[in-house]
Every structure is written in C-alpha cells, then in structure tokens.
Amino acid sequence: MKKILDIKNLTIDFNTYAGRIQAVRNISFSLYEGEILAIVGESGCGKTVTSKSIMRLLPEATAQVNNHSEIIFDGQNVLKLKGKELKKIRGDEIAMIFQDPMSALNPTMKVGHQVAESLLIHTKITKKQAFKEAVQMLKLVGLPMAEKRAHEYPNQYSGGMRQRAMIAIALACKPKILIADEPTTALDVTIQAQIMKLIKTLQADLNTAIILVTHDLGIVAGMADRIQVMYAGQIIERGVREELFYDPQHPYTWALLRSVPKVSQKSKSQLYSITGTPPDLLYPPKGCAFAERCEYCMPICRKDPPVETIISKTQSVNCWLQHKDAPKLNKPSGLKGVIHGQSL
Amino acid sequence: MSKYMLKRLFSMFLTLFVVITIVFFLIRMVPGDPLASMARNLPEQVKANFYAEYGLDKPLITQYFIYMKHLLHGDFGESLVYLGQPIKEIILRAIPPSMVINIHALLWGVTTGIGLGILAAYKRGKWPDHLVMFIAILGVSIPSFVLATALQYLFSVQLNWLPTIGWTSEPGMKQFKYSIMPTIALSFGIIAVYSRYMRASVLDVLNQDYILTAKAKGVSGFSLAYKHVLRNSFIPAITILGPQIAGIIVGSFVIESIFGIPGFGQVYVSAITNRDFTQILGQTVIINALYIFSLFVVDIVYGLVDPRIRVFNK
Ligand SMILES: Nc1ncnc2c1ncn2[C@@H]1O[C@H](COP(=O)(O)OP(=O)(O)O)[C@@H](O)[C@H]1O
Ligand SMILES: [Mg+2]
C-alpha cells in the first residue's frame, strides 16, 4: 500500500497567558491510500489539534508548530506551503469534517451553495453546474428531498442532516484524504450509526483515506483498519484493529476498552471509567504521562519516558511493562467481551 | 403580507397611541403655558379669551379627546405661539434641513463605524486596532455639542474653511458646506458605537466553526471575508441601528441649535421653551412615528439578512 501522508515529529505548542501548552508532543505516523486510520483518546489529548494542523487550520497567533515537524503530502511539506498551494490542498486533496454540525455550517448561506462552493473553487465549472452537482452530492449522502433542501438554510436542518451536508461539502471534490474529527459525537446514538455507515460506504466508493478521530473505541470497532491511541499529546500504542482489540498492550488501551459499553452487558450495570484526569499539558510529567493513573505503575514510570517497543510489524507500544525486567502481568479480564459486542 | 408583519404594524400603532397619550398629559403637568412665556402681565380677560379660543379652558380629558379626534383626520392644529400658523406647515418647513443632516450623519456614521470596526478586528492588537479603539473611546466620552464647538473653532475660526453657522434650503455645494460640521458632530457617537460593536462581532464570527469549514474548503481572501465573515457579522450590527437612529434624532436637537439650522430640532426646542403645546405634541407624533417606522424597517432588513429570523414569515 502506498503512503499518502507522512507525519514526522509533529510538535505543537500553544502560547497562552498561563504559559506554553504542549498540546502535541513529537508524534509520527503515516496514512496509507484508501485506509481508515482511527485516532482514539480521551478529550484534551490533542486529537483535534493534530487534525487541524494537517490542514493548517490552527490559529496562527497562538499555535506554534515546531520547526522540525513535517507533514508530507504528495512530496511536499504541508507546513511550508503558502497561498495558492495551500488553497489547492484544502478541500480538493484533503477535506475535513468537524465535531459539531450545529456550528460548522454558515447560517446565512444556502446549504446547496455551501456544497457548491468548494467545487467552484477547485474545478472549472459554472455556478449553475456547481449547484447541480451539489444537489447530486446531497443526494449521495442521503439527504431526503435534496433538490428542495439544497435551497434551505442550515437552521432548517436537523443535526443528522447537517452532518450529512458537512460530509457532502467535504467529499464534493473527491479528496484523497478525509479527516473526520469526532463526526458523530454531537449526534443521537441512532443517527451516529447511520452517519458512520454512510462514511464507510462513501469511503469504499471513492477510495478516500480517512483519519477518523474519536474518543470512543466502540465507534471504530466496526470500521477502522488501524488504530492509534493518543494520550497527553503522544501516541502511546498503535496497531491494526485486531491487534488493538485482541491483544492490547498498554494499560491505557485496556482502560479504554473496558470503558466501551458492551451489548451483552445488562443495560443498567455499571460502566467502567478511568479514575483521575490526564496531566496538565502546561507541565507534562517527565516520565510516562499515564503513570499517575496507572494501576501497574512502577518507580521507573515516573522517572523516565518509556521507549517504543515493537510488538509486530504493525503494532507498537510505549510502556515500561514491556521491559524485560518488568513483572509479567495477566491482562484484566473482560476485554474480549467488548470485541464480540461490537461486531468486529 | 404575513401575520407577523400585521402584528408588527398593529403594535406600531399601539405604541404610537400610548406615546401620544403620555406626552399629552405630561406636558400639561409641567408648570407654565404659552402666555406665561410671552408676556407676564396680560389682563385676566385677555387670558381667558385666549384659553377659550383654543379650548384650553375645557377639562383636560375633553381636550385630549378633541385633540385625538383631529389627529385622526390628520389635523395637528395651530401653533399657540405663532398665531394662525398650522403646525403641519411649520413641521413641513423644518423637516428638509433635518433630513439632510440626519441622513448624512446616519449613513456616514454607520459606514465609517463598520469600516473601522472591520479594520480593527482584522488588525487585532496592532496599531490600527489601538487607533480605532481610541477614536471609539473619544466618541462615547465627548458630547456632540463639545465636538461641535471644537469643530467650529478649528474649521471656521482658525482655518476659515467652512461657515460657522447657517443654512440654505437650496441643495448644492453651499448647502453641503453648511452640512459638513453638523454631520460630523452628529455622527461621531455612531462611529464610536459601531466601530466597537462591529469589531466585537467580526472577532466573534472569526472564531466560529463555520469559518474553519470555509477555510477547509479552500475559501480564502475576499470570498472568505465577504461571504462568510462579514455577512454574519452584520447581523448583530443591524439590531443596534434602532437606538442609533433615536440617538441621532435627539442629538440633532442640540446640534441644529448650535449650527443655526432651521430644522426640526431647533423648532422643537423653541416650542418647548414657549410651552407651545400643540406644536410639541405635533412634533412628538412625527418623531415617534419616524422612529417606530425605522425600527420596523430595521426588523425587515434583519429578516432579509438572517435566515434564522425569516422563519417568522411562514
Ligand atoms: N486555541 C488553543 N489555545 C490554547 N490551547 C489549546 C487551543 N486548542 C487546543 N488547546 C489545548 O490543546 C490540548 C489538546 O486539545 P484538543 O486537540 O482539542 O483535544 P481533543 O483530543 O479533545 O481533540 C488541550 O489541552 C487544549 O486545552
Ligand atoms: Mg477534539
């Protein structure tokens, strides 16, 4: 498979009055043609900042991307692009869907025009043709009565319809990469499933590579090819879906898996949740960022950051438990149930 | 016309009616009457004749009903001071100069304020922003009559570029010159309010998710500013248009007196000093009708710009 996006040593800080927030701390990963890569982690771990940086959408005044960082797309470093070149990538080659469909659409512009806009920017067609194609696109994403609805404003749409419209906007120019930042978090559970199914279907049709950002492992169980777990601005475990679900290595991944509701579980029974809170990114700990909350924490964990241990060609983990001198543990029970519940 | 519009029209007339009623009784509670301000020592009989002639001897409530009846037929009555002069004529004579100045001030104030506000927002934290905010603070803290006097001193006394006071009813260069200083003095407050408001509004919109959506589509430059940022930031700016119009109308009372413009405000102020009841009432009716009507127009414009308001029309 061909790499289409290669991110190297991405480090992003925010300069705020309180100090320097180290939102993303030296992460590297690649995206391959046509795959779905899930980035999973609790809220605040840097998923959105990572996604936005790929499209250069971070606020220039406060966000500072380290000079050694590279985001290579099509042989060029996106972080160095200017004006026209950047504009060409945005919307045409790489597109993005945001978390909250309620605020992500322009309230004073007809939805049809909002879909047509990117076509008008990136292709040589007339306004009329663009609008026609926009209606086609809205039909494709399953918007009911698309011809009529294209002439309406976002306030006349429901949440699910708005997210469909957002998907239509993002896919209008058939981008090579789609970044979906928690595309269903703001939606009802039933709508969530529909939107996920839609993304999966369109991905197969258009052969778009997707970076799917979510805080909920359950959502990606059915569709991700590969999964990366993020914690406090770092990637702490990665692997193909089966590896992450059947043979997770990091205690944080275990905790994430245990906090996914299981279908087999009795609806009222208690759901596992991780105790404690992620570290303050103004002063990230010098050892393992998860140490404070880890049941298996050892003295070394607080002292030095764990190095990456390669588990297989596709799986790797940053955890001191992998060290040859670390005690051999039995993974917590009950992880398997998640996988069966979520129709892997 | 929709049900919503009809409702609005009805409430407009209701408001007008309430205002007229309140003003009618209020001005009668203020001590003094037209005769008191003209001559102090009139014989009792002359006074009585005068009161009878104009119906001022009847009970107040009767006078009210008589006034309202005439008003419904479009009759504003006669001046109690300039005897024999219909109020309608006085008002019609006074309106054009006021219109020129008020409309100039409104257009100039709103466009400049909006322009400066946008500039300040886009140059946030840089010197243009600081300059605009400085102007805005001056604008709200310096009363228009102080500014008017300062302008007169600078442009008439010192530089001798513009006439200090006066007016001509003929439109043209001369009238324009007379109108410059009053327009600036009147519009300064609006510029101050609008630049601050517009700056906040643009900054707010720039932070919205849909601006990111637009950027992610590849929209940039003028398209981004016009279609996505400005269109949405105008919406809150429209809502404060009403109070600005009211501010101009009231502000022009003083400004017209300072610049010797025979407009609505000047006539109004003298009517109040003279206790010319019919004229005060007549002008109050006109001012309020104008103001309420402009609010109505503002509402319609608001609905045109913001589709979220448009649902009312259904
Ligand atoms: N514009 C910003 N200014 C300052 N800090 C920010 C900004 N955007 C994000 N952050 C910080 O960066 C960290 C990561 O945020 P984010 O990527 O949004 O997390 P999430 O994984 O929930 O998407 C958080 O600690 C957040 O406070
Ligand atoms: Mg996020």
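What you see is a predicted model, and the numbers here were worked out from it, not measured in a lab. To find a chain, count down the sequence lines: A is the first, B the second, and so on, and within it residues start at 1.
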How many angstroms lie between OH in B:Y210 and OG1 in A:T108, if you round to the nearest 0.5 Å?
6.5 Å
Name the region of A:K110, side chain, backbone, both or neither, that has any atom closer than 4.5 Å to a heavy atom of chain B.
neither
Measure distances from A:L86 to the heavy atoms of chain B and classify the residue's part below 4.5 Å as side chain, backbone, both or neither.
neither
Is A:M166 in contact with chain B via its backbone, its side chain, both, or neither, using a 4.5 Å heavy-atom distance?
side chain
Tell me, for A:L105 versus chain B, whether the close heavy atoms (under 4.5 Å) come from the side chain, the backbone, both or neither.
backbone
Given A:R90, A:Q114, A:E117, the one that forms side-chain contact (heavy atoms from CB on, under 4.5 Å) with B:V219:
A:E117
Can you tell me if B:R196 has over 12 outside heavy atoms packed within less than 6.0 Å of its CZ?
no
Counting only heavy atoms from other residues, nucleotides and ligands, does the tally under 6.0 Å from NZ of A:K174 exceed 12?
yes
Walk me through it: do B:H228 and A:M109 pass the test side chain to side chain contact (heavy atoms under 4.5 Å, CB included)?
CA-CA 8 Å; B:H228 296 276; A:M109 203 171 174; 3.6 Å; yes
Do you know which of A:P107, A:S118, A:G91, A:A95 has the most heavy-atom pairs under 4.5 Å to chain B?
A:P107
Enclosure of A:K127 NZ (heavy-atom neighbours >12, cutoff 6.0 Å)
no
Rounded at 0.5 Å granularity, tell me how far CG in A:L57 sits from CG in B:D209.
11.0 Å
Is there a side-chain contact between A:H122 and B:K217 (heavy atoms, below 4.5 Å)?
no
Tell me which of these, B:L206, B:T213, B:I235, B:V205, has more heavy-atom pairs under 4.5 Å with chain A than the rest.
B:T213
Any side-chain heavy atom of A:N106 sitting closer than 4.5 Å to one from B:R231?
no
Nearest 0.5 Å, what's the CG-CE distance between B:L212 and A:M96?
7.5 Å
